[in-house]
Amino acid sequence: MSAPTTTTTELRDDFRPAFHYAAQDTWLNDPNGLIFHDGLYHLYYQNNPLNSVWGNMSWGHATSTDLLNWTEHPVAIRFDEHEDIFSGSIVFDRHNTSGFGTAEQPPLVALYTSAYKLASALHGTQAQSLAYSLDGGYSWRKHAQNPVLTRNTPNFRDPKVFWYQGQNESYWVMVTVEALEYRVLLHKSADLLNWTELSSFGPANATGGIWECPDLFAMPVDGDPENLKWVLTVNLNPGGPNNGSAGQYFVGDFDGTTFVSHSTVTEGMGDGTREHDYQWLDWGRDYYAAVSFSDAPDDRRLMIGWMNNWDYANQIPTAPWRSPMSLARELTLRTVDGQPRLIQQVAFGSGAEPEPVSTFTLPAREIPEGTEVLDGAAGTVQRIEFSLAPDSAGEAGVVVRGNGTEGTRIGIDAQRGMLFVDRRESGATDFHESFASLDVAPLRSLDGSYELVIHVDRCSVEVFAQAGLLTMTQLVFPSAASRELSLFAAGGTATINNLTVTTYA
Ligand code: FRU
């Protein structure tokens with residue numbers, strides 16, 4: 001977390017997203033306590049209730065039915081003189097194993113990290129604490145005997161809890177990190193109060209930064225319920241594939257005690273140079289601290305990430321709020337080249353799809369060399385879908401949020417086999433020296449063509465490539481008047497197929 005510096009960039013509210021959560025007038029970082037309960041998606045989050053930079057960490061709270069429109073509620077769990085409330089998760093304790101509710105009124109239980117402050121006798125340590133709610137997640141009481149799990153270490157945090165349904169035994173499992181050791185720890189409990197250690201995992205694959213905000217869940221491979229694999233996600237900061245904060249994942253098995261990874265790259269382990277061999281949740285610079293929902297309907301695995309990067313998080317030019325969340329994503333596992341890989345699609349909850357203001361389509365056609373503005377396809381909040389064959393062009397793609405002088409270029413570098421997002425001229429970039437960037441991700445064509453779905457909002461682009469096999473999430477801060485959508489090809493011509501632009505604003 002870098003300290004705020006002064007910047008000449010104007011802070012603006014018109015970056016406020018249409019379909020992403022951002023707090024009304026305060027700071028947020030990690031999503032916490034994601035749970036679907038009583039018909040509502042609850043999003044708690046790291047929040048500074050007093051300011052729009054990091055500090056006074058508390059759990060803010062918002063709810064949604066459709067995962068697009070969110071209602072902010074009062075702060076759920078607030079910092080005090082003894083502790084900051086760091087990241088964690090919420091479970092519905094439906095059998096009242098914790099005893100904080102009754103059989104008729106079972107509690108929601110939050111496990112969070114107590115980051116102890118100077119006034120606390122535990123200062124210098126981080127430990128896992130518990131709070132519970134008997135009113136569906138709006139008011140929370142801290143357990144009197146917190147913490148419930150300590151190792152007396154300074155960077156033990158970010159508990160993600162789930163119910164493990166074993167062949168012989170079932171229990172709660174808590175997934176945490178010893179952040180500076182690049183280790184995920186697993187503990188078990190019958191009552192959410194008494195925890196015993198099961199095992200640990202790591203270091204493995206990307207260790208270019210401390211490990212934070214882990215998650216562990218089972219999913220069918222290729223939709224086959226007989227073939228379950230476990231996915232362990234770990235966020236790390238820095239050390240992402242395009243610098244700074246990012247998330248990686250491992251696919252393997254979990255027998256109730258130990259997670260065994262099948263996607264660990266052993267050669268060169270820990271040197272931080274094998275980025276292309278690791279599995280990333282997202283290749284962009286602004287998808288961090290991603291965790292999944294508990295109890296999502298229909299066994300869906302839904303995930304939200306914080307759309308920011310600790311490299312410049314406190315300086316992005318938004319006010320009076322700072323940082324949006326990503327769109328929610330649905331995760332599935334599909335076999336690709338013999339390996340189970342995560343596939344991600346934008347997820348919607350229930351409720352009407354938002355009404356577009358316009359839809360623009362283009363039949364298959366050549367993109368001539370150069371840049372061409374598409375009349376009738378302008379907007380600031382859009383979903384842009386197409387497939388692209390680079391043909392003779394070295395690079396081809398689209399420019400979003402353009403105005404002739406600024407714009408974000410999203411395209412394919414055919415020679416290098418790369419997807420790229422170039423935000424060097426995307427609008428305001430000078431608020432931090434590391435923001436302006438050309439970011440890349442290795443992407444193979446399918447029969448010479450690339451399928452992209454791009455979600456554009458007032459300060460972001462989220463690219464889903466090859467049907468969700470690879471994603472790239474980037475903040476951008478264009479002027480509100482930058483609404484043009486263009487096609488471009490460089491070094492030759494390309495073909496664009498089935499372009500559909502759905503514009504919401
Ligand atoms: C990740 C993180 C977590 C911690 C929280 C504090 O962004 O550093 O590890 O719990 O943010 O706000």
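As the structure is a prediction and not an experimental result, all values here were calculated from the model. Counting convention: from 1, in listed order, for ligands and their atoms alike.
Close contacts of ligand 1 with Arg157, meaning ligand atoms under 4.0 Å from a residue heavy atom, involve 3 (C), 4 (C), 9 (O), 10 (O). Close approach to Gln46 involves these atoms of ligand 1, each under 4.0 Å from a residue heavy atom: 5 (C), 6 (C), 12 (O). Taking every heavy atom of Ser87 and a limit of under 4.0 angstrom, the matching atoms of ligand 1 come to 5 (C), 10 (O). With ligand atoms numbered from 1 in the order given, ligand 1 contributes 1 (C), 2 (C), 3 (C), 7 (O), 8 (O), 9 (O) to contacts under 4.0 Å with heavy atoms of Glu212. Atom numbering of ligand 1 starts at 1 in the shown order; those under 4.0 Å from a heavy atom of Phe86 are 4 (C), 6 (C), 10 (O). Against a heavy-atom cut-off of under 4.0 Å, Asp158 is close to the following atoms of ligand 1: 3 (C), 4 (C), 9 (O), 10 (O). Distances below 4.0 Å separate heavy atoms of Tyr288 from the following atoms of ligand 1: 1 (C), 7 (O).
Using a 30° and 60° split on the angle between ring planes, Trp54 and Phe86 fall in the perpendicular class, above 60°. The aromatic rings of Tyr41 and Phe293 stand perpendicular to each other, their planes meeting at an angle above 60°, with 30° marking the opposite boundary.
Residues Tyr288 and Glu212 have side chains that bring a donor and an acceptor to within less than 3.5 angstrom of each other. Looking at Ser58 and Asn47, their side chains never bring a donor and an acceptor atom within 3.5 Å of each other. Checked by atom type, the side-chain pair Trp310/Asn237 shows no donor-acceptor distance below 3.5 Å. Checked by atom type, the side-chain pair Trp163/Gln165 shows a donor-acceptor distance below 3.5 Å. For Thr113 and Gln128, the side-chain atoms include at least one donor-acceptor pair closer than 3.5 Å.
Residue contact annotation: Trp306 has no non-hydrogen atom under 4.0 Å from ligand 1. Assignment of Thr113 to the shell around ligand 1 is not supported, since no heavy atom sits closer than 4.0 Å.
Among Asp30, Val177, Asp84, Asn235, the residue whose heavy atom lies closest to atom 11 (O) of ligand 1 is Asp30.
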